[in-house]
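Each ligand, and each atom within it, is numbered from 1 in the order the structure gives. Numbering of residues begins at 1 and proceeds along the displayed sequence.
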Amino acid sequence: MDLEGAGMSYVEKLQCGSCREEFPAGRLWSLCPDCAKPLLVRYNLGAIRELDLRGRLANRPPDMWRYLEVLPVDSRDEVITLGEGFTPLLPMPQLTRKYRVRQVLTKDESLNPTGSFKARGLAAAVTMARKLGARKLAIPSAGNAGGAMAAYAARAGLESYVFVPCETPDANVLEAEILSTKVELVEGVITDAGRLVGERKDAEGWFDLSTLKEPYRIEGKKTMGYEIAEQMEWTLPDVILYPTGGGTGLIGMWKAFDEMEQLGWIGSTRPRMVAVQSDGCAPNVDAFFKGKEHAPAWPSPVTYAAGIRVPAAVGDFLILRAIRESGGCAVAVSDRETYDATSEVGRAEGLLYCPEGAACWAAFRRLRAEGWIRDQDRVVVFNTGAAQKYTDFIRKFQASSGE
Ligand SMILES: Cc1ncc(COP(=O)(O)O)c(C=O)c1O
């Protein structure tokens, strides 16, 4: 097996995604010290291009660290891993036929450690936090990120502090209770949990792993973009539907496509990126249609798709930029549509989508009916987590809607 890549990382610097100011990697960073926007990792892609890495991937382990040279670590030895990544890209033959499109595929992220795609970002972020000297990690979470952070922190021998809204699926809370140093239930939503972490982190000595408030979660998440390209034999789909809360996955994939083009692995054609939100919490959809660069916080967010109950995102401008540059769009669906979408995918394909994934399927149906998704399109739909973690939320939705 090819475990090459042992040596120094190809990271050149960190760069602010907004003001473009540059900073040296090699120490812990949070937001850009100049403008308080997210920092992004920049690599020496010219040097990586020389390696003929794409040709060597076939002999590497089937996890996200197979793309080692475009990840921030020096070698596999320092990686905190539970086997995350390289999830299946599953054809959906019945639904492809029913909706008369060229192809529909599910990127099934439910098979990751801790049952969601959050494993990717947190594997990378915890690895880097430990390497750069953090000992106590804190995270505000809608549920899945908290469990993932706790798992990787435990694996790394670090303390972990998880802040989740009171209204969080019980499986997420239980998981974090078992794996973390401490879980706190917070009145309100994820942004209220984030405020608490922000207020207490200095006194407690916590390093804050909030979405996009450190540079490395996005590096883990971007591997979804590399995988889709590799699994589609170095082509990209025409459309990607992604359930968007903080938007790390969408921003990460957009970054991955750019990197891959610079590496000579793909051409300049991009998928139309679709940010899917709930109509009970749709700040980015609203901003997209109003032509805004930033998304004002959504008042009183409500949806049983807990992971997209995110009223404000620090990377909103990066989400909106990626959607617009790709020629994509943003869609808000109701919980009713989401619930119906779960049944359709489940019965047709045997795949039990989590509510966030089902929201994407609901958006697919809408966009197909409107003709925005075309006959000749190849479409990737993200199922970002395991439905089994939401049994209490799904039951509650059933009861409230008279199911
Ligand atoms: C299952 C699931 N899907 C989607 C999301 C939204 O992800 P992001 O914040 O990266 O946009 C979350 C976030 O908690 C989640 O848990």
Requested in this report: Kindly confirm or rule out an N or O of Gly247 lying under 3.5 angstrom from an N or O of ligand 1.
Outcome: yes
Query raised in the report: Where is the nearest protein heavy atom to atom 4 (C) of ligand 1: which residue, which atom, and how far?
Result: Phe117 CZ, 3.5 Å
Query raised in the report: Which protein heavy atom lies closest to atom 6 (C) of ligand 1, and at what distance to 0.1 Å?
Result: Gly307 O, 3.4 Å
Query raised in the report: Is there at least one pair of N or O atoms, one from Thr244 and one from ligand 1, spaced under 3.5 Å apart?
Result: no
Query raised in the report: Quick one: do the Thr303 and Asp335 side chains pair a donor with an acceptor below 3.5 Å?
Result: yes
**Report entry** Test item: side-chain donor near acceptor, Glu159 and Tyr161, under 3.5 Å
**Finding:** yes
Query raised in the report: Below 4.0 angstrom, N of the basic side chain to O of the carboxylate: do Asp286 and Lys292 qualify?
Result: no
Query raised in the report: Mind checking whether Ala145 has a heavy atom under 4.0 Å from ligand 1?
Result: no
Query raised in the report: Is any side-chain N of the basic residue among Glu69 and Arg60 closer than 4.0 Å to the acidic one's carboxylate O?
Result: yes
Requested in this report: Just jot down the ligand 1 atoms closer than 4.0 angstrom to any heavy atom of Tyr242, in number order.
Outcome: 7 (O), 8 (P), 10 (O), 11 (O)
Query - Min N/O separation Ser116 to ligand 1 under 3.5 Å - result: no
Query raised in the report: Does Pro243 come within less than 4.0 Å of ligand 1, judged by its heavy atoms?
Result: yes
Requested in this report: Return the residue, atom name and 0.1 Å-rounded distance of the protein heavy atom closest to atom 9 (O) of ligand 1.
Outcome: Gly246 N, 2.7 Å
Report task. Name the orientation class of the two ring planes belonging to Trp234 and Trp265 (parallel below 30°, tilted from 30 to 60°, perpendicular beyond 60°). Result -> perpendicular
Report summary line: If we number the atoms of ligand 1 from 1 as shown, the ones under 4.0 Å from a heavy atom of Lys221 are 10 (O)
Report task. Identify the two heavy atoms, one from Ser326 and one from Pro271, that lie closest to each other, and give their separation to 0.1 Å. Result -> CB-O, 3.3 Å
Report summary line: If you compare Thr384, Thr168, Ile308 by their heavy atoms, the one closest to atom 2 (C) of ligand 1 turns out to be Thr384
**Report entry** Residue portion contacting ligand 1 (non-hydrogen atoms closer than 4.0 Å) for Tyr390
**Finding:** side chain
Query raised in the report: Is the closest side-chain heavy-atom distance between Phe382 and Ile240 below 4.5 Å?
Result: yes
Report summary line: atom 16 (O) of ligand 1 has as its nearest protein heavy atom Asn144 ND2, 2.8 Å
Requested in this report: Please check if any side-chain donor atom of Arg120 sits under 3.5 Å from a side-chain acceptor atom of Thr87, or the reverse.
Outcome: yes
Query raised in the report: Polar-atom distance check: Gly245 versus ligand 1, any N or O pair below 3.5 Å?
Result: yes
Query raised in the report: Is Lys107 paired with Glu227 through a side-chain N to carboxylate O contact shorter than 4.0 Å?
Result: yes
Report task. May I ask you to identify the nearest protein heavy atom to atom 14 (O) of ligand 1, giving residue, atom name and distance to one decimal place in Å? Result -> Lys118 CE, 3.1 Å
Query raised in the report: Just by distance, with hydrogens left out, do Tyr304 and Gln398 show a side-chain donor and acceptor under 3.5 Å apart?
Result: no
